[in-house]
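Below: the structure, in structure tokens.
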Amino acid sequence: MRLSKSKTKNACSYYIIDSYRNEQGKVKTHVIEKLGTEKFIKETYGILDAEQWCRDYLEKRKVEAAKIKSKQCRTISVEYAENLPKADDSAIFNGGYLFLEKIYHEFGLSNICDEIQSKHPHVKGFSLNKVLKAMLFGRILSPSSKLALTNDIQYKMLECPNAQVQHVYRAMDLLTEHSNLIQDRLFYYSDRSMPRNVNRLYYDCTNFFTEIEMEDCDVKGKSQEWYQEHTFRKYGKSKENRPNPIVQLGMFMDGDGVPLGITVFPGKDSEKPSMKPLEEKLLKNFSKTDIVVCADCGLSTFENRVFNNCPEEDTLVQFGLKGQRHYVYVQSIKQLKGSLQDWAIDPDGWSYIDRSTGKTLIVDSFSLNSLSAENHDDFYNTIFYKERTIAEKGLDQRLIVTFSLKYKDYMQSLRERKISRAQKMIKTGSYKQESEYSPRALIKQEHSTKAGEMATKTKAQIDQEKIDNDSRFDGFYCNATNLFKEECTTQQIVAIGARRWEIEECFRIMKTNLKSRPFYHNKDSRITAHFLTCFMSLVLIRGLERKIASKAAPHDRYPNGKYTVDELIHAIRNINLISLYEGKAYQPDYKNSQLITDLLEIFDLKQFGNQVVMKDTMKNILKKIKEAPEMYQEA
């Protein structure tokens, strides 16, 4: 660096300049900093000798440059002109997706794409791997339509996939065709990168509404082949109580909250038969592992219980050809036989764990009648339990009933809100248009008429008898299992069942964060591909969560979690990289936090904590991220 000055008739200006060699090897100079005119410097800094001040300032800059050089830091200087037009391309990229891309390759998704594309040598013109990256990262970073993905969102990635709309739809057809292969290989690779907890499996179903007013079968004038390819969108009981046709989705999740597999089926079909076929597919990947399947009462059919009743005495288990299978299903107390109902809600014969003295003490033969306003707070967070064995069609089971004052208060508060809404419906007369699953269920109608004539008068009122009957079960919860005391304690059974909320969270993430609804596809194969990409995106998010949890302190580890999924997604969406000097360097731009600091450390991307990341450094980062496991080999 050196000082340069430029004289004109009216002024003398000072600059700090430096020399460099261009691409042709010629020595050039460029201005590092404009210090100002002699008059400006004297007036601004209150000095008499402007040139001496400039020389002193130059020496300070040289000292700072020497410090940077001693630390082996490279610098970059960028100049912008006010009147020159901006470049056509955006200079801001998202850098958070690189954390996802690291997991994408560790979980073998690039290998899966290569395997699928090798089965279709006639499919040319695009890379399935690049298109799938755009679909998954776009779904997480900015969920939108396929057109918005190809026109805008993909250009926010450092390595733009250059996917076109037709490539996305062709890729969706390939994904659907190899749906089973994708789910099998995804388990294979992810299990080697991050051992999966398949000793506990959770299954549940949900549904997604679509923006149409009638079922596909009601569309007129289509061919028979068209109707065969449009069978999913059917009327059914929507989770949002919408009148639109829906599509149902069943999902298995492992014991750490990471999805294992999905199945998509028509909205009119019952969810009960969907569990067994998907479980049979998944079990092929870990057939010799002992598992416990947990599901809610809507799926606890006798057939599903029998399928998962594979104890140690089973011949194939004894020969080591398959693992034991057990179940923990939620059992509706209202659906039990009368004698079992009376036993379940009988106030006598309860047990609970007393930790008030600092020692664990099991108290037996407790009566719920002993609970009163005086000791309500003392027992508010206590879980009372009782159990017994039953035999149903030759299947021995264990019923575990729990009672909680906290759960009782919650159910009562829900009912009070329903009663309030039902009273409002009666007052406005709107109950006639409400769904039968709404608070309308608490309203009964009495019809009066003259003898032998059509009814002309209807009276609606709150069904107090139904309310009183339902309130008998407030605070009670029941699980049915084929795990007996010598295999699993009551506390362990309750703990297994208590983790079902995590599969509900998976559905919430899909619907809210990934915006998987409403969907606008109508062909069965495209609908399947849509939910398959949402499933894979969810696996990446959960993998990111597990990665952080594995490095966290014991009290921050899964399932408590140091960070929520919402916080993780918000962080990666807001890590930006600003391109400098036509991509010769990138300036990380984000609001620093402990979460981002942890991400950079865990994924070995500490360079993003610097002022700039040089082009060659970024190339090394991208190369390191793309390290994939060995390809799957058929046994």
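Just so it is clear, the model here is predicted, and its values are computed rather than measured.
With ring centers used as reference points, Tyr477 lies 6.0 Å or more from Phe403.
Screening Trp350, Tyr352, Tyr407 for a ring pair (Phe, Tyr, Trp, His ring centres under 6.0 Å) with Phe384, the sole residue that qualifies is Tyr352.
Asn207 has its side chain out of reach of Leu249: every pair of non-hydrogen atoms, C-beta onward, lies at least 4.5 Å apart. Residues Met251 and Thr263 fail the side-chain proximity criterion, which asks for heavy atoms closer than 4.5 Å. At least one side-chain heavy atom of Phe473 sits less than 4.5 Å from a side-chain heavy atom of Gln341.
Note that NE2 of His326 and CZ of Arg398 are 11.0 Å apart. Values are rounded to the nearest 0.5 Å. Interatomic distance, NE2 of His376 versus CD of Glu374, reported as 11.5 Å (0.5 Å rounding).
Listed by first then second residue, pairs satisfying side-chain hydrogen bond (donor to acceptor under 3.5 Å, both in side chains) with a partner in residues 328-337 read Arg305-Gln331, Asn308-Tyr329, Lys334-Asp470, not counting sequence neighbours.
Geometrically, Arg192 engages Tyr188 in a cation-pi contact, judged by NZ or CZ lying under 6.0 Å from the ring centre and within 45° of the ring axis. The cationic group of Arg185 lies under 6.0 Å from the six-membered ring centre of Tyr632 and within 45° of the ring axis, placing it in a cation-pi geometry. Cation-pi contact between Lys393 and Phe302: present, with separation from the ring centre below 6.0 Å and deviation from the ring axis of at most 45°.
Ring-plane geometry between Phe99 and Phe603 is classed as perpendicular, the angle between the planes exceeding 60 degrees on a 0 to 90 degree scale with a lower cut at 30.
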Problem - Working for ring pair (Phe, Tyr, Trp, His ring centres under 6.0 Å), residues Phe531 and Phe519 - result: CA-CA 9 Å; Phe531 290 113; Phe519 60 93; 5.5 Å; yes
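Open room surrounds NE2 on His570; 12 or fewer heavy atoms of other groups in view lie less than 6.0 Å from it.
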